[in-house]
Q: 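Below you will find the structure I want to go over with you.
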Amino acid sequence: MLKPFDVMLVGVGGQGTLLATKVLSKAAQKKGYDIKVSEIKGMAQRGGSVVSQLRLAEEVNSPLITETGADVILSFEKLEALRWLSYLKPEGTVIINNQEIAPVPVLIGVAEYPGGILEYIKRKVHNSEVIDALDMAVECGNPRTANVVLLGVLAKHMPIERETWEQALEEVVPNKFLEVNQKAFAAGYNL
Amino acid sequence: MKELMSGNAAIARGAYEAGVKVGVGYPGTPSTETLEIFSKYPDIYAQWSPNEKVALEVGIGASVGGSKVLVTMKHVGVNVAADPLFTLSYTGVNGGLVLLSADDPSMHSSQNEQDNRYYALMAKIPCLEPSDSQEAKDMVASALELSEQFDTPVMLRTTTRVNHSQTMVETTDRQELANKEYIKNPKKYVMTPANARGRRVHVEERLQKLQQYSENSILNKIHWDDTKIGVITSGISYHYVREVLPQASVLKLGMTNPLPAKLIQDFASKVSTLIVVEELDPFLETQIKAMGLAVHGKDMLPNIGELNPRIVAQSFKDNNIEVNEKYHNNEVNLPDADAPTIPPRPPVLCAGCPHRAAFHVLRELNLTVTGDIGCYTLGSLPPLTSMDTCVCMGASVGMAHGMALANPANKDRTVAVIGDSTFLHSGVTGLMDIVYNGGSATVLILDNRTTAMTGHQEHPATGKTLMGEPANEVDLEGLVKSLGVKRVQVVDPIDITKFEQIVKEETAAQEPSVIIARRPCALLNKEPQQPVTLDVNMCMGCRLCLNLGCPAISEKDGVVTLNAIHCNGCELCISVCSQGAIMKGGQNNA
């Protein structure tokens with residue numbers, strides 16, 4: 001019996017959530033899960049808030065996770081972690097990339113990027129992890145692999161073995177970027 | 001082989017496997033990828049048409065010619081294609097024809113919410129509703145069979161969650177089928193009143209036969225369990241029901257027009273309480289009530305927006321119906337009152353987007369802008385806030401004329417703004433109308449050389465087809481001149497001084513005019529552009545650059561920063577900077 005697992009990837013258009021979703025879906029399939037993935041990506045290239053929902057179980061009904069339903073939320077951006085926090089199970093885990101991307105209302109000065117997000121989440125959520133994925137990705141050799149660093153961190157929290165993840169990565173990522181992505185995944189996984 | 005596929009990919013696959021030879025449509029979320037994916041299969045032909053009406057007409061022709069056909073569009077596209085659709089119902093088909101209507105409950109990327117099942121009811125054609133990708137694939141084949149067996153077009157009605165969710169699909173090989181022979185048959189294909197009266201009878205007889213068919217069709221399934229609650233549902237709602245009420249008996253309708261009355265009555269007679277769970281309008285519920293059955297539906301569930309398991313569970317709980325344990329306690333505790341305020345993250349015009357320059361100038365000139373459908377509709381949002389209306393594809397042009405009819409003084413202050421793809425879709429006739437009826441409106445065509453909003457589809461003025469073949473490029477200047485517009489100017493909107501001058505001239509002119517603001521979409525250019533540089537010592541904090549709403553420019557603690565990764569080097573900010581603090585190229589400060 002495979003353990004049901006609901007995970008959300010949230011971030012800002014252009015951060016690579018779609019690739020991370022692909023690798024995760026591939027890994028889940030290899031593990032033998034039935035899987036349903038729901039993405040609203042129409043605005044992905046327009047800098048809007050983006051979210052992928054992945055539901056894993058022997059048999060999945062609804063493709064949607066609703067509030068208080070996610071075992072893990074992997075947030076590629078701080079503010080988005082807060083925005084989607086209502087979707088976390090009370091005992092769930094939130095993994096947050098320590099990066100700020102200001103939304104337009106903040107850019108133009110009609111709203112403020114809130115301070116104290118990490119402190120708030122640490123105070124209220126029992127299981128939270130903050131990752132400097134961008135720095136780690138730069139260390140691995142390409143800032144664009146921050147998404148895969150985060151995936152490596154997520155992998156530890158999921159009932160899927162490391163080899164399965166690595167095979168999935170190999171199948172999804174184009175060859176010429178594979179090595180740096182493997183490094184990024186390992187960096188996240190070994191953290 | 002089993003694969004994870006979106007509903008759209010599954011529909012494309014289904015069409016390929018079932019032997020569809022011709023696919024045609026117009027891009028529109030959430031339908032777009034269907035035809036894009038279909039176009040990549042071998043031994044098929046696929047094309048974008050200028051609009052959905054043309055697409056369906058091409059589809060009808062291909063069907064009459066003997067091919068199996070897939071026609072794709074979003075829900076509002078069916079409004080455009082409604083004219084041929086209603087008479088196609090009379091002529092029927094030769095090769096099977098499936099019309100994909102991709103509805104968008106909750107308006108993720110649409111200007112309205114409409115329940116297109118009513119089109120099937122009104123046009124008296126079958127409607128199939130898949131609930132996941134496997135069904136989406138399988139129902140294309142079922143729809144084609146029904147189409148040929150009953151001589152009717154078939155609507156495959158999906159919703160965003162079905163189109164864009166990915167679920168597992170079992171694929172098979174393509175059925176290679178010969179085209180059907182075309183046989184001349186004016187009584188069937190020439191809908192003059194005399195012939196149409198004959199076909200009108202066919203439509204009613206067909207509907208009765210289809211109704212018989214639906215009674216025993218495997219498209220409609222019953223999941224028997226506890227009979228205290230019986231749910232009738234269709235599409236994505238089925239999965240919400242199974243999740244929330246795993247113990248209830250469920251009649252899942254895969255065919256939602258015409259309805260299997262006997263099957264429904266039989267199901268109703270065996271359950272204590274009957275509930276219809278459907279998104280949007282009470283389409284099933286109203287018809288089931290008309291069968292004389294006592295049924296709950298919209299008295300319990302919302303008729304606005306998408307459903308989800310949580311909404312369904314709450315509706316049941318409010319009516320004292322036992323739900324899945326998982327949904328017993330749904331209280332949301334976080335983020336609570338202590339949480340920092342969360343600013344919204346609306347979509348934004350990309351860095352380097354030519355529309356930003358155009359709307360900056362329209363805002364400076366304080367013009368009334370009748371707008372249209374595309375990325376540029378984002379010009380209505382702060383800080384540009386320079387769009388006054390947005391109704392439907394092409395409406396900007398007719399509305400600018402109408403504004404001036406209401407009050408001639410509006411003329412000099414109004415401009416219609418429309419994209420290149422949208423202009424070709426349905427702006428041309430509006431412009432023809434302005435010239436013909438002696439109007440003097442100014443139409444601004446934002447020509448970014450693509451259908452950007454839906455993900456860069458080709459159109460008749462890009463010089464390329466959906467299948468990647470070189471094609472004729474519509475000469476927009478020549479086109480508008482041929483309609484009788486004498487004042488036509490072409491300008492790159494990034495040159496805001498020149499652009500502003502032209503807008504002033506043309507809105508002042510007492511005759512129809514067209515400005516073509518031509519600059520390719522920033523995302524079309526894959527070559528990295530040199531980002532601009534800001535000299536922070538020269539910056540006096542006037543915020544003029546920030547007021548462009550460019551995602552590459554931000555301010556923190558009074559210091560303006562340019563983000564080199566996001567900057568596209570369009571140099572618009574250089575033009576607006578009051579201090580000359582922003583410079584071309586070089587190293588920047590972020």
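Lettering follows sequence order; numbering is per chain, from 1.
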Q: Distance check, rounded to the nearest 0.5 Å: A:Arg123 atom CZ versus B:Asp338 atom CG?
A: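 Those atoms lie 6.0 Å apart.
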Q: Any donor-acceptor pair under 3.5 Å linking the side chain of B:Arg242 with the backbone of A:Val60?
A: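 No; zero donor-acceptor contacts below 3.5 Å.
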Q: Please report the shortest heavy-atom distance between A:Ser38 and B:Ser165, naming the atom on each side.
A: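 So the two residues come closest at OG-OG, 3.4 Å.
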Q: Chain B: which of A:Ser86, A:Pro63, A:Ala111 shares the most heavy-atom pairs with it under 4.5 Å?
A: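 Most heavy-atom pairs under 4.5 Å with chain B: A:Ser86.
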Q: Where does B:Thr167 contact chain A at under 4.5 Å (heavy atoms): side chain, backbone, both or neither?
A: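 Both backbone and side chain.
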Q: Heavy-atom distances under 4.5 Å only: say whether B:Tyr238 touches chain A with side chain, backbone, both or neither.
A: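 For B:Tyr238, there is no contact with chain A at all, as no heavy atom is under 4.5 Å.
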Q: Answer yes or no: are there more than 12 heavy-atom neighbours, outside A:His126 itself, under 6.0 Å from its atom NE2?
A: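 Not more than 12 within 6.0 Å, no.
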Q: Please examine the side chains of B:Tyr327 and A:Thr66, heavy atoms only from C-beta on, and report whether any two atoms are closer than 4.5 Å.
A: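 They are in side-chain contact.
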Q: Looking only at heavy atoms, which two atoms of A:Val104 and B:Pro382 are closest? And how far apart?
A: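 Closest approach of A:Val104 to B:Pro382, heavy atoms only: CG1-O, 4.1 Å.
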Q: With a 4.5 angstrom heavy-atom cut-off, which part of A:Glu112 approaches chain B: side chain, backbone, both or neither?
A: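 It is the backbone, since no side chain atom gets that close.
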Q: Using non-hydrogen atoms only, which part of A:Gln29 is less than 4.5 Å away from chain B: side chain, backbone, both, or neither?
A: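 Contact with chain B: side chain only.
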Q: What part of B:Ser133 lies closer than 4.5 angstrom to a heavy atom of chain A: side chain, backbone, both or neither?
A: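 Neither part.
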Q: Which one, B:Cys550, B:Ala339, B:Pro309, B:Ala313, leads in non-hydrogen pairs under 4.5 Å with chain A?
A: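 Between B:Cys550, B:Ala339, B:Pro309, B:Ala313, the count favours B:Ala339.
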Q: Hey, which residues of residues 151-189 of chain A are touching chain B, say heavy atoms under 4.5 Å apart?
A: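 Within residues 151-189 of chain A, no residue comes under 4.5 Å of chain B, counting heavy atoms only.
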Q: Identify which part of A:Glu59 has an atom lying under 4.5 Å from any heavy atom of chain B, answering side chain, backbone, both or neither.
A: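 Looking at A:Glu59, nothing touches chain B.
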Q: Considering residues, nucleotides and ligands other than A:Lys78, do more than 12 of their heavy atoms fall under 6.0 Å from its NZ?
A: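 It does: A:Lys78 NZ has more than 12 such atoms within range.
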Q: So what's closer than 4.5 Å to chain B heavy atoms on A:Ile121: side chain, backbone, both or neither?
A: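 Contact with chain B involves no heavy atom of A:Ile121 at all.
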Q: Shortest non-hydrogen contact from B:Leu546 to A:Ile108?
A: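 So the minimum-distance heavy-atom pair works out to O-CG2, 3.2 Å.
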Q: Where on B:Ile553 is there a heavy atom nearer than 4.5 Å to chain A: the side chain, the backbone, both, or neither?
A: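 Contact with chain A involves the backbone of B:Ile553 alone.
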Q: Is there a side-chain contact between A:Pro103 and B:Pro344 in this structure, where contact means two heavy atoms from C-beta onward sitting under 4.5 Å apart?
A: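 A side-chain contact under 4.5 Å is absent here.
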Q: For A:Glu100, is it the side chain, the backbone, both, or neither that has a heavy atom closer than 4.5 Å to a heavy atom of chain B?
A: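 Just the side chain, heavy atoms under 4.5 Å.
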Q: Which atom names give the shortest non-hydrogen contact between B:Ser554 and A:Leu107, and what distance separates them?
A: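 Closest pair (atom of B:Ser554, atom of A:Leu107, distance): CB-CD2, 3.0 Å.
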Q: Heavy-atom count check: over 12 atoms from other residues, nucleotides or ligands less than 6.0 Å from A:Arg144 CZ?
A: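 No, not enclosed.
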Q: For the pair B:Glu243 (side chain) and A:Ser62 (backbone), establish whether a donor and an acceptor sit closer than 3.5 Å, ignoring hydrogens and angles.
A: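 Yes.
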Q: Does any heavy atom of chain A fall under 4.5 Å from the side chain of B:Cys545, the backbone, both, or neither of them?
A: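 Neither the backbone nor the side chain of B:Cys545 comes within 4.5 Å of chain A.
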Q: Could you tell me whether A:Glu39 and B:Arg161 have a side-chain N and a carboxylate O separated by less than 4.0 Å?
A: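 Not counted as a salt bridge, because no side-chain N and carboxylate O are separated by less than 4.0 Å.
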Q: Give a yes or no on whether A:Glu119 atom CD has more than 12 heavy-atom contacts from other residues, nucleotides or ligands under 6.0 Å away.
A: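 Check passes, neighbour count above 12.
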Q: Answer yes or no: is there a donor N or O on one side and an acceptor on the other, between the side chain of B:Arg345 and the main chain of A:Leu79, under 3.5 Å?
A: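 Here the side-chain-to-backbone pair does not exist.
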Q: With side-chain contact (heavy atoms from CB on, under 4.5 Å) as the test, would you mind laying out the steps for B:Arg310 and A:Glu67 before giving the verdict?
A: CA-CA 8 Å; B:Arg310 200 182 167 79; A:Glu67 287 92 334; 2.9 Å; yes
Q: I want to check something: taking the side chain as every heavy atom from C-beta on, are B:Leu4 and A:Ser25 in contact at a cut-off of under 4.5 Å?
A: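 Of all side-chain heavy-atom pairs linking A:Ser25 with B:Leu4, at least one is under 4.5 Å.
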Q: Give a yes or no on whether the backbone of B:Pro343 and the side-chain of A:Arg83 come within a donor-acceptor separation of less than 3.5 Å.
A: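 A pair under 3.5 Å: yes.
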Q: Between B:Tyr240 and A:Leu64, what is the shortest heavy-atom contact and its length?
A: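 Looks like OH-CD1, 3.2 Å.
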Q: Which value, rounded to the nearest 0.5 Å, describes the distance between B:Asn308 atom CG and A:Ile65 atom CD1?
A: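 Reported to 0.5 Å precision, the distance equals 11.5 Å.
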Q: Under a 4.5 Å heavy-atom cut-off, does chain A meet the side chain of B:Ile236, its backbone, both or neither?
A: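 Contact with chain A involves the side chain of B:Ile236 alone.
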Q: Which bit of B:Pro246 is near chain A, if near means a heavy-atom gap under 4.5 Å: side chain, backbone, both or neither?
A: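 Looking at B:Pro246, nothing touches chain A.
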Q: Is the number of heavy atoms from other residues, nucleotides or ligands under 6.0 Å of B:Lys252 NZ greater than 12?
A: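 Buried by this count: over 12 neighbours within 6.0 Å.
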Q: Check each atom of B:Asp336 against the heavy atoms of chain A and say whether the ones under 4.5 Å are side chain, backbone, both or neither.
A: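 Both backbone and side chain of B:Asp336 come within 4.5 Å of chain A.
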Q: State, with a plain yes or no, whether a side-chain heavy atom of B:Asn333 is found less than 4.5 Å away from one of A:Pro90.
A: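 Sidechains of A:Pro90 and B:Asn333: no contact.
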